[in-house]
Protein chains: 2
Amino acid sequence: MVDGVSRRQSTLDEVAEHAGVSRSVASRVLNNAPHVSRAKREAVERAVRQLGYVRNPTARALATRQTGAAALVVAGEDPSIFADPFFAQVIVGASAALEEADLHLMLCLAASERGRKRVEDLFRSQGVDGVMLMALREDDPLVRTAEEARMPVVFGGRPVGPAPRWYVDVDNVGGAREVTEYLISRGRTHVATICGRLDTEAGRARYRGYRDAVLAAGLAPYPPWEADFTEPGGAAAMTGLLANYPEVDGVFAANDNMGAGAVRALREAGRTVPADVAVVGFDDLAVAGVTDPPLTTVHQPIAALGREMARMLVAIVDGQDPTPLILPTRLVTRSSA
Amino acid sequence: MVDGVSRRQSTLDEVAEHAGVSRSVASRVLNNAPHVSRAKREAVERAVRQLGYVRNPTARALATRQTGAAALVVAGEDPSIFADPFFAQVIVGASAALEEADLHLMLCLAASERGRKRVEDLFRSQGVDGVMLMALREDDPLVRTAEEARMPVVFGGRPVGPAPRWYVDVDNVGGAREVTEYLISRGRTHVATICGRLDTEAGRARYRGYRDAVLAAGLAPYPPWEADFTEPGGAAAMTGLLANYPEVDGVFAANDNMGAGAVRALREAGRTVPADVAVVGFDDLAVAGVTDPPLTTVHQPIAALGREMARMLVAIVDGQDPTPLILPTRLVTRSSA
DNA sequence: ATACGGATTGGGAGCGCTCCCACCGGAAGC
DNA sequence: GCTTCCGGTGGGAGCGCTCCCAATCCGTAT
């Protein structure tokens, strides 16, 4: 009976029987393995079509000890960190690369207590073939978990501390230096920074880049004024900066969200951008284009970051040992500085 | 030997042996099933701890025919649709609800040809326990695939055409009507709309809401000026609208991205917002807060949408038959209108 | 003809877990 | 005192697939 939509899912045994071959042969055909005669191969393919057979990935996973899935773990402190459009772009890139290797993407938001627990179990139960790990804070217990894991782990952005074996990062120091130099080249002499969380490596690296540039120009760096990478956080920081250092005429915000917040706070304080205070950001997310004035910022290849993480992971799963990767950034000038 | 980090993953049999019980008893303990004496239960728990045992989810899945995972499928035409921060918020909500049910989240971007194919296989191979399906366009083949699937499917937003059995949507018509009425109440008499893609139900519904409000006020609705829900698309549409209907003094953009684009296009055309042209959006995403002026818009509970989809799915997997849900929207007034 | 090497083939033993079921002993019911 | 019942227990048969290995087949070299 030809019935592509039979009630029950057909099994490999049924396909084999239908094709008049053994299970082994049918399996070889499905896996494109050699040692199958042309005639039997075609018979199996016909049976597969007629039965509407689809291989059961779970059974395959059990037998091969490979799940066919990779996890993207987003750590952080609060699940809402994931609302940052940054991650969406990472996912677009990672998803495309995983698709090429025919791996599925499992997404884990590990910010809650329970979420973290589940990720730990995932690591230990071999529930995926490998993981991509992002948004780690200093002393995040997941770093330890990852080290002990018996599976490949690729870091997206380095964690604070010793660099892991496999990671993909962007050149945070270089990007921050370049955009700060740009600010200075536009005649700004009192350049402060709204830095990101300093318990993240990205926050620290961008502050270092800022500091390098200011010192190299013979100016005095301001102490790090920390915010949480969000728009309201950036606005609040800008207000604080204004109150404490009214002479400031240039601000490097360590990401675009905070840059947008700074622009808003400045406008609300009656200062014009860039005439009174020039503002630059980092990331080149969509928000940088809609502020008024639009933000000069540092473009980082976010989708590429995701793509390269996934490719690196696939390479490791395939038994290779790729070298870490640092992606370049690029200055994007708009009118906020 | 106490060794929580033994080379090989320990199995349930080993736990059972270590605890001096049978595999069955050990299994019952792990599943919190009855018919286990207090003494043996504790022995097993001790063995689990000493061996650092973690249950193999793949084997469990094979035996129970339940994978412990749910998929979120984002259709659309182009994978970059996922870059819209809208989805990130859905995921935050869905992830939290799935976490409560101890299900993992599999994310599938089904915009590419290959991606769609993989989703179809996922449906047919029972690779997940259920799926949440979003961003369907008219005549999307995935609708058919979903109907034929032998697993629960919850739609996020209704597809064009007959309503599916299970879905969660927001009140697009009501929200669009309300914000358009607001525009009119502010004295606007030439109110146009930059509508979203009309091959999506959300695009159509929002246009209907706009049209209802305009007609109810005794004004003449403008024909739908279609754009693709993106910022540049909105800007281009605004420019076109301005060229064709210079008398327009109010615009309902069917989402905030397009609203932000409209505001930018208006500024670049030398018109002031809201004095010359008032603009309102839909979604209440972060972008609505950073445009200048910030956008009056329709708040929709996006994380709740994700959460309710996930809860509905869990309910179905548990054998229930929940009723579809339509979430309310809320007008958020800022200064763009 | 006869033997030999390689390509094919099918049987069977898992992968690690769940769950049905038969079995045990003691408390309750008669 | 003897059934009846039930909590507790362990054995065993799968779940659907992969993969090792022994068996078979063929063409060809001897």
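Quick note on labels: first sequence line is chain A, next is B, and so on, each numbered from 1. Remember, predicted model here, so these are calculated numbers, not experimental data.
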Return the minimal non-hydrogen interatomic distance between [X] and [Y], and the atom names on each side.
X	Y	value
A:Val154	A:Tyr167	CG1-CA, 4.3 Å
B:Phe87	B:Ala135	CZ-CB, 4.0 Å
A:Val92	B:Ala83	CG2-N, 4.3 Å
B:Leu142	B:Leu136	CB-CD1, 4.3 Å
A:Leu72	A:Met309	CD1-CE, 4.5 Å
B:Ala101	B:Val314	CB-CG2, 3.7 Å

Within 6.0 Å of CD in B:Glu17, more than 12 heavy atoms from elsewhere: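 Open: at most 12 neighbouring heavy atoms sit under 6.0 Å from CD of B:Glu17.
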Going by an N to O cut-off under 4.0 Å, is there a salt bridge joining [X] and [Y]?
X	Y	answer
A:Arg46	A:Glu42	no
A:Arg55	B:Asp121	no
B:Asp199	B:Arg137	no
A:Lys117	A:Glu120	no

Hey, does [X] reach any base, or is it just sugar-phosphate, or nothing, if we go heavy atoms under 4.0 Å?
X	result
B:Arg55	sugar-phosphate
B:Ser24	base
B:Arg23	base

Salt bridge (charged side-chain N to carboxylate O under 4.0 Å, His left out): pairs with one or both residues in residues 59-74 of chain A, sequence neighbours excluded: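 The answer is none; no pair qualifies.
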Rounded (10°) bend between the five-pair end axes of the helix from C:dA1-D:dT30 to C:dC30-D:dG1: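 For the helix from C:dA1-D:dT30 to C:dC30-D:dG1, the axes at opposite ends meet at about 50°.
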B:Ala59 vs B:Ser22, nearer the 5' end of DNA chain D by closest nucleotide: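 Result of the comparison: B:Ser22.
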Short heteroatom pairs, N/O only, protein and nucleotides 22-28 of chain C, under 3.5 Å:
none

Of all pairs that satisfy side chain to side chain donor-acceptor pair (under 3.5 Å), the ones with a partner from residues 96-107 of chain A, not counting sequence neighbours: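 As it turns out, the side chain to side chain donor-acceptor pair (under 3.5 Å) pairs with a partner in residues 96-107 of chain A, which skip direct neighbours, are A:Glu99-B:Ser112, A:Asp102-B:Arg118.
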DNA chain C-proximal residues of residues 25-44 of chain B, any heavy atom under 4.0 Å: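 Correct list: B:Ser27, B:Asn31.
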For atom CG of A:Asp13 and atom P of C:dG10, their distance in whole Å: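 Distance, rounded to whole Å: 13 Å.
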Range on DNA chain D touched by chain B - first to last nucleotide, heavy-atom distance under 4.0 Å: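 Answer, 5' to 3': D:dG7 to D:dG16.
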